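Before any comments, here is the structure.
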2 protein chains.
Amino acid sequence: MSSLTAPLAPISTCAVAVDTALLTIRDGRLRLLLIEPEPSALRGWWALPGRRVRDDESLDDTAHRSLSELAGITAPDAHLEQLRTYGDPSRDPRGRVVSVAYLALTPFADDPVDPGRARLFDVDELGAPGGPQLAYDHERIVTDALERARAKLEYTSLATAFVPEEFTLADLRRVYEAVWGVPLDPANFRRKVVSTPGFVVESDKTASPGPGGGRPAKVYRRGSATHLHPAMLRP
Amino acid sequence: MSSLTAPLAPISTCAVAVDTALLTIRDGRLRLLLIEPEPSALRGWWALPGRRVRDDESLDDTAHRSLSELAGITAPDAHLEQLRTYGDPSRDPRGRVVSVAYLALTPFADDPVDPGRARLFDVDELGAPGGPQLAYDHERIVTDALERARAKLEYTSLATAFVPEEFTLADLRRVYEAVWGVPLDPANFRRKVVSTPGFVVESDKTASPGPGGGRPAKVYRRGSATHLHPAMLRP
DNA sequence: GCCGTTACGGTCGGGCTGACCAGAACCGGC
DNA sequence: GCCGGTTCTGGTCAGCCCGACCGTAACGGC
């Protein structure tokens, strides 16, 4: 582990990186942004977008930069929150890297700019055969990110981070259904959302029906509440 | 944004530390472990026990070491979980330090070894006049730690980390009352705990009554559940 | 034995939830 | 225009959970 000529005092400085798990919803399914690392190195492996922390940069800034430089995503209104820090000494074979993981959520209406080696994967493909193989300990990070998102949908208004500024209750319900992977009763969902103070506010607009027809839905906007009382518990 | 003479590649390595917020309960009140830093430097200021991460050490190991070296606490059964990472470039005036904060909980029966400059403070003294002044951004960390503990008592069995292996339901209720700062109805609390599957298991022992007398209480142990269904919501 | 205290078990009404139903409003085809 | 299909919206009803409350059981102290 250490040679005889190495200094006795352990080095107390190490590389610090930020890896960001960006989730969004496309076509009613929850999707995760992954990057194909340098083609020379890990062929066929995928990783979360990550960058080293610059010495004049906050961790949040590094997270934004990782999305901007690696996937062309500059969404200032995207939800961004710290997930957890992964610092096992052997987690990166190239050396000791302490990685601060972030969870990012963007509305499904955002532009699908995915230049270079970025791609959105259906989260159900991740563990399945034929799906992308995740490098380093990123599978663990993704598992934690998904569990965090699923849990926070219950007791916070985080679901509104997946929808554009104006949305219908069906849009919001499809967010819950995509993240939790279960169907919800439209009528009960509606009653719960509108009776939770501050979750959504009704606008005076109505949305045009989808291709299959149906009665037009009212348009809502985000409310001021961040924590939901009572909570939207998973069935 | 960048000067012409500055090196293009910013330094991507920085000091990484672990700061641990240890909570316990003494005399029915929630308490926090604080350390008085080197007497020469910040006189009268208090800080969370923290150590730099060694290059062959996991973050969890550093958290354990911070408690062991600075407060003499070697509790292998103590609950320890990562809280959040604080990495603002200006958070430490001595230089860039990325600090991974941990939340630690120990039972109130643990030995009160507090050698050197460690002390347990009532959490209600922290913001109050005459209470300890916290160095760096540790007040922010303590606020986050308290909120995490209060929230996780609702939907996990974390409260059992505050009580010894054998406890009464009154012990467990006093944990909730101390952490949340509100009184709870004993009968309703009892009904809720015993009806939550896997929260506690009844033993065949009975505890001796307290100094004021009263009927002896049954003794319980921790159950196998980690998440509570349904949750113990704050009143 | 009496009393204060604590533990334990039960009742009652209100609120929330899931399952279900009915009407309203739109689209497309005939 | 009419009709069936689809979606949105509002309502009912039974069941569960919860807070407030009461009564009994079991101890120690006087």
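These values consider heavy atoms only, across backbone and side chains, with no hydrogens, waters or symmetry-generated copies. Reminder, nothing fancy here: chain letters follow the sequence lines and each chain counts from 1. Small disclaimer: the values here were computed from a predicted structure and weren't measured.
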Atom [atom1] of [X] to atom [atom2] of [N]: distance rounded to whole Å?
X	N	atom1	atom2	value
B:Leu184	D:dA20	CG	C1'	14 Å
B:Leu233	D:dC16	CG	P	19 Å
B:Arg173	D:dG19	CZ	C1'	15 Å

For B:Ser99 and B:Asp19, test the side chains for any donor-to-acceptor distance below 3.5 angstrom and give the result as yes or no.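 There is such a pair between these side chains.
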
Going 5' to 3' on DNA chain C, which nucleotide is the first and which the last to come under 4.0 Å of a heavy atom in chain A?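 Both ends considered, the range comes out as C:dT17 to C:dC27.
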
Residue-level proximity of residues 186-194 of chain B to DNA chain D when a heavy atom falls under 4.0 Å: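 Hits under 4.0 Å, by residue number: B:Ala187, B:Asn188, B:Arg191, B:Lys192.
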
Heavy atoms within less than 4.0 Å of DNA chain D: which residues of residues 209-223 of chain A have one? Give them sorted by number.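 Those residues are A:Gly212, A:Gly213, A:Gly214, A:Arg215, A:Pro216, A:Ala217, A:Lys218.
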
Pairing residues for B:His138 by the ring pair (Phe, Tyr, Trp, His ring centres under 6.0 Å) criterion, not counting sequence neighbours: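 Listed in chain order: B:Tyr136.
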
Just jot down the ring pair (Phe, Tyr, Trp, His ring centres under 6.0 Å) partners of B:Tyr176, sequence neighbours excluded, or say none.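 B:Tyr176: ring pair (Phe, Tyr, Trp, His ring centres under 6.0 Å) contacts with B:Trp180, B:Phe189.
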
Hey, is B:Asp144 close enough to B:Arg140 for a salt bridge, meaning N to O under 4.0 Å?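 Salt bridge present between B:Asp144 and B:Arg140.
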
If you measure from the Lys or Arg side-chain nitrogens to the Asp or Glu carboxylate oxygens, is any gap between A:Glu81 and A:Lys152 under 4.0 Å?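 Yes.
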
Does A:Glu147 have more than 12 heavy atoms from other residues, nucleotides or ligands lying within 6.0 Å of its CD?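 Yes.
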
Flag, side chain of A:Thr156 to backbone of A:Leu158, donor-acceptor distance under 3.5 Å: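 Yes, because the side chain of A:Thr156 sits within donor-acceptor range (under 3.5 Å) of the backbone of A:Leu158.
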
Apply side-chain hydrogen bond (donor to acceptor under 3.5 Å, both in side chains) to the pair B:Ser68 and B:Thr74, showing each step before the final yes or no. CA-CA 5 Å; B:Ser68 157; B:Thr74 57; over 6 Å; no

Assess whether side chain to side chain contact (heavy atoms under 4.5 Å, CB included) is satisfied between A:Leu134 and A:Trp45, documenting all intermediate values. CA-CA 6 Å; A:Leu134 290 182; A:Trp45 293 71; 5.9 Å; no

Where at least one partner belongs to residues 219-229 of chain B, residue pairs that pass side chain to side chain donor-acceptor pair (under 3.5 Å), sequence neighbours excluded: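 Applying side chain to side chain donor-acceptor pair (under 3.5 Å) to every pair that reaches into residues 219-229 of chain B, excluding sequence neighbours, yields B:Glu166-B:Arg221.
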
Return whichever of A:Pro230 or B:Asp185 has its heavy-atom-nearest nucleotide of DNA chain C closer to the 5' end.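 In this pair, the answer is B:Asp185.
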
